[in-house]
Amino acid sequence: MTYSDDDPVDNNYWEPSCDVCYLLNSINNTVNGTASQVTQIQTNVTNILNLLKANLDTDFSWNFGIKEKCGDESDITYQGVKKGVPALIDMSKHLAKILADFQKSSCENDNFAVVPEWWQLRPEADRPQLIVQCAEKKEDGTLGSAKYVVTIPHYQHSTPHGFPPFYSLDKGSIQGILTLKDNSKVIIYGRNLQHVRNVLFNIYNEIDPSYRLPYQPKASQTNNPDFKEVTVYPKYGKYFATGARKTVPDWVVRYENN
C-alpha cells in the first residue's frame, strides 16, 4: 500500500491510492452508517415498547347509565374495570350498545305535536279535550310510534286517568262522527260500521254527561277507500283543560293496559 508524497502531513487524514483501498473505505463507511441506523431503530422500538407497556398496564373503570324508556325511573347500567386494550374493547362495546339504544329511541320517539281542535261553534275555543295518541303493535308485542290521534272534547276526567277511553281501533275508511251539544265532535275512521259505533260508544261514556246528546253517531264510507287498515292501541293521553287556548297539556298519562 502506497501513499502520495504530495499529500499534506496529517495523522488523521488518509487517502488510499488504489482501487482496493477505495473499496475498503466505502465498506467501512457503509458499516458505520448502518450501525448508526440500527441504533436509532433500536431506540425507537424501545420507546414504543415502553409506551405500549404503560398503556397496557393502565387501569380503566367505567359506569354508564341510560334509561330504556323516557318514563323509566331507573337506569340500565354498563360498567366494568379492566386493564389496557381489553378495557378499551369492552368500553367500546358498551358505548356501541348505548348508541344503538339511542338510535332505536329516535326512530320510535313519540314527540309528535298534538294541538287541541276547535269546532264551528266555539266559545273562545276553550273546551277541555283529551288527545289520545295511538300506536301499532310491533312483533315483540310492544307499542311503536304513537302517530295516530283521536281527539275527545269534554272529557269527563279533569285529573290524570290511567284507563284509555277505548281498547283499540281498527283503522279503515269508514268515518264515524259523534256530535255533542255545543257542536264539538269526535271523529274516527274504522274498518267497518259496527266497529266504529262500538268505539264511539266507549268514547261517549267518557264524555261529560252534561254535553251528551242521545247516542246517535253517524257512520259512512268515505270517498277514499285506500285508508291503511291497521289496528292501533292507545299509548298516551294528553289532557288540555282549556282546549286550544294553550298548546301544552295539563297532564299526560301513559296507558299500560296494552
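Quick note: numbers below take in every heavy atom, side chains included, and nothing from hydrogens, waters or symmetry partners.
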Seminar exercise, completed: Rounding to 0.5 Å, atoms CG (L143) and NZ (K137) come to a distance of 6.5 Å
Exercise. By side-chain hydrogen bond (donor to acceptor under 3.5 Å, both in side chains), which residues pair with T179, not counting sequence neighbours?
Worked result: none
Problem set entry | Taking every non-hydrogen atom, the tightest pair across P209 and Q156 | CD-OE1, 4.0 Å
Seminar exercise, completed: Taking every heavy atom of Q221 against every heavy atom of S173, the minimum-distance pair comes out as NE2-OG, 2.7 Å
Exercise. Distance-only, no hydrogens or angles: does the Y233 side chain make a donor-acceptor pair with backbone N or O of L169 under 3.5 Å?
Worked result: no
For this session: Under the side-chain hydrogen bond (donor to acceptor under 3.5 Å, both in side chains) rule, collect the residues that match up with Y204, sequence neighbours excluded.
Result: none
Exercise. To the nearest 0.5 Å, how far apart are OH in Y239 and NE2 in H157?
Worked result: 10.0 Å
For this session: For residues P165 and V132, determine if any side-chain heavy atom of one lies less than 4.5 Å from a side-chain heavy atom of the other.
Result: yes
For this session: Please check if the distance between the ring centroids of F163 and Y255 is under 6.0 Å.
Result: no
For this session: With sequence neighbours left out, write down each residue that passes side-chain contact (heavy atoms from CB on, under 4.5 Å) with L193, or none if nothing qualifies.
Result: I174, R197, A219
Seminar exercise, completed: Taken to the nearest 0.5 Å, the spacing of L178 CG from K185 NZ works out to 10.5 Å
Exercise. So, for R212 and N205, which heavy atoms are closest and what is the spacing to 0.1 Å?
Worked result: NH2-O, 3.2 Å
Exercise. Cut-off 3.5 Å, side chains only: do Q133 and K147 have a donor facing an acceptor?
Worked result: no
Exercise. Who passes side-chain contact (heavy atoms from CB on, under 4.5 Å) against H154, sequence neighbours left out?
Worked result: R127, P128, L180, D182, S184, I207, D208, Y211
Seminar exercise, completed: CZ of F240 to OG1 of T151, rounded to nearest 0.5 Å, is 9.0 Å
Exercise. Is the Y215 ring parallel, tilted or perpendicular to the F201 ring (thresholds 30°, 60°)?
Worked result: perpendicular
Problem set entry | Partner set under side-chain hydrogen bond (donor to acceptor under 3.5 Å, both in side chains) for D250, not counting sequence neighbours | K246
Exercise. Can you tell me if W251 uses its side chain to pair, donor with acceptor, with the backbone of G237 under 3.5 Å?
Worked result: no
For this session: Could you pull out all residues at least two apart from N202 that satisfy side-chain contact (heavy atoms from CB on, under 4.5 Å)?
Result: F166
Seminar exercise, completed: Taken to the nearest 0.5 Å, the spacing of D170 CG from T231 OG1 works out to 3.5 Å
Exercise. Side chains of S220 and Q175: do they bring a donor and an acceptor to under 3.5 Å?
Worked result: no
Exercise. Are the side chains of V150 and I203 in touch, meaning some heavy atoms are under 4.5 Å apart?
Worked result: yes
Exercise. Are more than 12 heavy atoms from other residues, nucleotides or ligands located less than 6.0 Å from atom NZ of K218?
Worked result: no
For this session: Quick one: pull up CG in L130 and OH in Y236 and give me the separation to the nearest 0.5 Å.
Result: 14.5 Å
Seminar exercise, completed: Taken in chain and number order and not counting sequence neighbours, the residues that satisfy side-chain contact (heavy atoms from CB on, under 4.5 Å) with V230 are E136, Y148, K171, K228, V232
Seminar exercise, completed: Nearest heavy-atom approach of L200 to V186 is CD2-CG1, 3.9 Å
For this session: For residues G144 and K235, report the shortest heavy-atom separation together with the two atoms involved.
Result: O-NZ, 2.8 Å
